[in-house]
Protein chains: 2
Amino acid sequence: MSERQRVGRRRVTQQDVARAANVSTAIVSTVVNNKADTLRVSEQTRARVWQAIQDLAYVPNAAAQSLAGGRNRLIGAFTYQRLFPWESRDFYYEFLLGIEEEAEQTGHNLLLFTGARNDAGERSIFNRNANLLELADGAILVGGRIDGDEIRRLAEEGYPFVMIGRRDAAGPKVSWIAADYAAATQMVVDRLHALGHRSMLLVAGRRTHETVVERRTGFQAARRRHRLGDRAQTVVFGEPNPDLPDATCLADETEVLRFARETGATAVIAESSYVIHRIYEVALAAGVRIPGDLSLVGLGDHGDRQNVLSPDPALTLVHTPSRLIGATAVRTLLRRLDAPGSKPDQIRIQCELSEGTTVAAPPRRKAGK
Amino acid sequence: MSERQRVGRRRVTQQDVARAANVSTAIVSTVVNNKADTLRVSEQTRARVWQAIQDLAYVPNAAAQSLAGGRNRLIGAFTYQRLFPWESRDFYYEFLLGIEEEAEQTGHNLLLFTGARNDAGERSIFNRNANLLELADGAILVGGRIDGDEIRRLAEEGYPFVMIGRRDAAGPKVSWIAADYAAATQMVVDRLHALGHRSMLLVAGRRTHETVVERRTGFQAARRRHRLGDRAQTVVFGEPNPDLPDATCLADETEVLRFARETGATAVIAESSYVIHRIYEVALAAGVRIPGDLSLVGLGDHGDRQNVLSPDPALTLVHTPSRLIGATAVRTLLRRLDAPGSKPDQIRIQCELSEGTTVAAPPRRKAGK
DNA sequence: AGCATCCGCTAAAGCGCTTTAGCTAAGGGT
DNA sequence: ACCCTTAGCTAAAGCGCTTTAGCGGATGCT
């Protein structure tokens with residue numbers, strides 16, 4: 001029967017298969033998509049159809065499937081910023097890594113909405129009331145900055161999407177996948193406490209972010225649990241941070257070290273690997289031994305894989321499992337596509353502590369006292 | 001007239017627009033796609049249609065467009081490897097940067113074919129004779145490894161695509177955008193020659209690649225031009241390279257330095273920034289002053305932006321304008337879409353020399369002789 | 001006046017697929 | 001012997017778009 005692909009340059013269609021197998025296209029469709037509940041097909045017929053599909057080298061047309069059925073195996077990815085930004089180059093990278101991996105696993109293509117913008121020329125989900133993401137089966141929204149109004153509206157419309165990063169601002173109906181920074185921070189404090197540290201500092205950056213607040217929450221919880229009271233303080237660089245009203249304001253890294261000495265803190269936890277790195281350098285210059293005199297931990301490693309891949313020094317850091325987050329976002333989205341209208345998934349992903357060489361037991365003189 | 005988006009959850013279609021503007025769908029299609037040659041439409045009607053489009057917030061359905069044989073503003077990107085690989089992380093990055101930029105500029109979405117694979121589960125353009133890229137208007141193929149057969153077939157089919165990287169293997173009909181490594185290498189030699197260098201070494205890596213050959217070509221041309229003869233030699237690490245039969249084989253960086261001393265070479269040009277960096281370190285350890293005693297130039301910076309962004313040392317490097325290449329690829333693809341069947345574009349992009357601190361005039365004793 | 005053009009538009013035929021409605025024949029219950 | 005069910009299938013209606021064929025009417029040419 002081997003009829004092959006002789007049909008000019010014409011595509012082999014479902015029709016061709018149907019003819020060859022002596023059935024209707026409905027049957028072919030059902031067989032191809034393995035839909036048991038749509039139509040009943042006997043084993044015999046099923047086999048005949050597969051045979052014809054093989055013989056003719058039939059592959060379904062994605063556009064047609066999409067048009068007819070709704071699903072087209074396209075997963076969208078939307079960001080308000082450039083997906084491949086010049087600065088902060090590594091921010092999206094690992095998310096995309098995970099997203100790509102999972103998309104590949106599940107046989108989906110990835111649609112980057114680089115063309116989605118409003119009349120003002122800004123990246124945007126809607127333009128003149130039109131949902132620009134509609135082409136894809138669903139989408140993953142990733143990014144630091146978001147437009148809460150658009151997100152809310154998207155959710156109202158029933159468009160299936162999953163956000164990366166916790167998004168309380170967008171309302172309770174939004175599905176998201178986010179790193180569990182609160183738990184991670186608690187874990188760090190637990191770890192330090194177990195080593196014998198009884199006094200520590202949390203250093204926050206100057207910009208406010210959902211993550212800052214979350215880390216602070218974890219810090220406070222751990223502080224309460226271990227009854228650290230004043231011996232677990234939060235400090236902020238530069239101007240006061242409105243979200244951390246009771247935090248002490250310090251000018252720079254040197255000040256942080258001074259403050260640590262004064263309050264007897266034996267460990268410093270900083271919001272990002274960048275900040276902790278700066279503190280590390282200043283401490284070293286000031287003759288403070290790390291980790292002998294002072295333990296150092298960073299709570300994030302976004303934006304600088306440098307420290308992860310070629311650790312110098314090997315800072316002890318909380319690692320954000322971005323890749324896993326990306327993959328989970330895809331899986332979650334697919335699940336939502338299969339069960340539309342189910343209640344939102346809001347998933348926290350555990351962070352790992354990447355052990356470096358900047359954490360140890362506190363110095364004796366304090367401990368022995 | 002503001003009828004808005006009331007229509008249940010139903011999509012706003014061309015029909016709706018046509019009705020609202022009191023024209024046929026043919027007119028709407030023509031207006032939307034700005035096709036002057038298909039159908040003539042008066043200015044008045046055109047305005048009325050746009051108005052209706054505005055009012056109804058109409059967005060074309062890409063799947064339908066695609067099915068019906070039109071354009072859908074989707075630019076595909078295909079790679080045989082992961083687009084976001086864990087290792088060699090930076091290889092695709094800058095290309096994507098440029099591609100995204102240009103796609104955004106021109107209002108196109110980017111479709112990453114992460115789902116395109118054959119029955120064996122490998123990434124592939126065709127599966128059982130079906131072109132899996134068909135959903136997009138055209139595609140950019142980027143990557144080191146390629147399957148020449150698939151590419152040739154794609155070209156035969158008339159599918160519009162542009163490759164990144166020169167691809168002679170794929171035949172003369174293929175459009176490509178590539179860095180001009182030959183010219184870059186010549187430029188480097190010219191530069192060294194102008195500074196007074198009369199004897200230099202080209203160090204190639206062990207793996208063969210189109211680019212290696214091209215750099216070699218440039219080197220040889222410059223050598224001929226400046227009548228350097230034996231004073232411009234090529235060396236290879238480890239095993240002999242089949243593409244460079246007359247190159248001297250050396251075990252490692254130390255050997256290269258020894259060889260340079262023996263032959264009186266005052267400058268070393270290495271294929272990649274990685275290799276030149278290694279040589280730099282070994283030289284420093286051996287007490288060779290850079291650039292006092294020896295000038296060092298790298299011919300590529302792929303895969304390690306490290307040196308570009310935080311130069312330490314500031315190696316003198318040929319910079320591959322990947323971003324520009326990506327952007328050019330998109331522009332070229334769009335041009336080809338407008339003029340299908342035109343003769344292939346094969347564009348070489350000039351490299352830049354990023355001045356570092358590892359190049360200077362050769363040492364006096366040689367020059368003064 | 002008569003014919004050929006050209007302009008501006010409509011009608012309708014697909015593109016390849018999914019899905020619903022319905023049909024036939026075989027079997028089961030009463 | 002009758003009706004009902006069920007298994008296994010077909011026919012056909014779209015999904016939303018592009019494009020071709022063709023149709024009136026206005027205009028130009030002779």
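Distances were taken from every side-chain heavy atom of A:P60 (C-beta onward) to each of D:dT10, C:dC17, C:dC9; the shortest belongs to C:dC17. Listed nucleotides C:dG16, D:dC17, C:dC7 differ in distance to A:L67; the shortest reach to its side chain belongs to C:dG16. If you check C:dC9, D:dC9, D:dC17 against the side chain of A:S42, the one that comes closest is D:dC9. Here the nucleotide nearest the side chain of A:N33, chosen from D:dG16, D:dT20, C:dT18, is C:dT18. With D:dG16, C:dC17, C:dC9 as the choices, the nucleotide that has an atom nearest any side-chain atom of B:N61 turns out to be D:dG16.
Rounded to a whole Å, the CD atom of A:Q44 is 14 Å from the C1' atom of D:dA7. Between A:I27 atom CD1 and C:dC23 atom C1' there is a gap of 13 Å when expressed in whole angstrom units. Going from atom CG of B:L135 over to atom P of D:dC17 covers 15 Å, rounded to whole Å. Straight-line distance from the CZ atom of B:R40 to the C1' atom of D:dT20: 16 Å, rounded to whole Å. Atom CD of B:Q14 is separated from atom C1' of D:dT19 by 11 Å (rounded to the nearest Å). Atom P of nucleotide D:dG16 and atom CG of B:D16 are separated by 9 Å, given to the nearest angstrom. Separating the CD1 atom of B:I53 from the P atom of D:dG16 is a distance of 16 Å, rounded to the nearest angstrom. At whole-Å resolution of the value, CD in A:Q15 and P in C:dG16 are 10 Å apart.
Look at A:T45 and you'll find a side-chain N or O under 4.0 angstrom from OP1 or OP2 of D:dC9. For the OP1/OP2 pair of D:dT18 and a distance below 4.0 Å, the side-chain nitrogens and oxygens of B:S29 include at least one atom meeting the criterion. Distances shown here put every side-chain N or O of A:T13 at or beyond 4.0 Å from the OP1 or OP2 atom of C:dG16.
Looking at which nucleotide of DNA chain D each of B:K35 and A:A26 is closest to, the 5′-most match is held by A:A26. In this structure, B:E43 and B:A68 both approach DNA chain C, and ranking their closest nucleotides by distance from the 5' end singles out B:E43. For B:T38 and B:G69, each mapped to the nucleotide of DNA chain C holding its nearest heavy atom, the one lying further toward the 5' end belongs to B:T38.
Counted within 6.0 Å of CG on B:N22, heavy atoms from surrounding residues, nucleotides or ligands total 12 or fewer; the atom is thus considered open.
At least one donor-acceptor pair under 3.5 Å links the side chain of A:S175 to the backbone N or O of A:D345.
Contact annotation for B:N72: no contact, since no heavy-atom pair falls under 4.0 Å across all strands. Among the heavy atoms of the strands, none lies under 4.0 Å from B:S66. Here B:Q65 lies in heavy-atom contact (under 4.0 Å) with sugar-phosphate atoms only. If you check every strand for non-hydrogen atoms under 4.0 Å, B:V23 touches sugar and phosphate atoms only.
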Return all side-chain donor-acceptor pairs below 3.5 angstrom for residues 101-115 of chain B, not counting sequence neighbours, or 'none' if the list is empty.
from, atom 1, to, atom 2, distance (Å)
B:E101, OE2, B:R323, NE, 3.0
B:E101, OE2, B:R323, NH2, 2.8
B:E104, OE1, A:R82, NE, 2.8
B:E104, OE1, A:R82, NH2, 3.2
B:E104, OE1, A:R123, NH2, 3.2
B:E104, OE2, A:R123, NE, 3.2
B:T106, OG1, B:E102, O, 2.9
B:T106, OG1, B:A103, O, 3.2
B:T106, OG1, B:H108, ND1, 3.0
B:H108, ND1, B:T106, O, 3.0
B:N109, OD1, A:T114, N, 3.4
B:N109, OD1, A:G115, N, 2.8
B:T114, OG1, A:H108, O, 2.6

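Between A:Y80 and A:E122, the side chains place no donor N or O within less than 3.5 Å of an acceptor N or O (distance only, hydrogens not considered).
A salt bridge is absent between B:R73 and B:D137: the closest approach of a Lys/Arg side-chain nitrogen to an acidic carboxylate oxygen does not fall below 4.0 angstrom.
A search for side chain to side chain contact (heavy atoms under 4.5 Å, CB included) contacts involving A:A178 returns A:R166, A:W176, not counting sequence neighbours.
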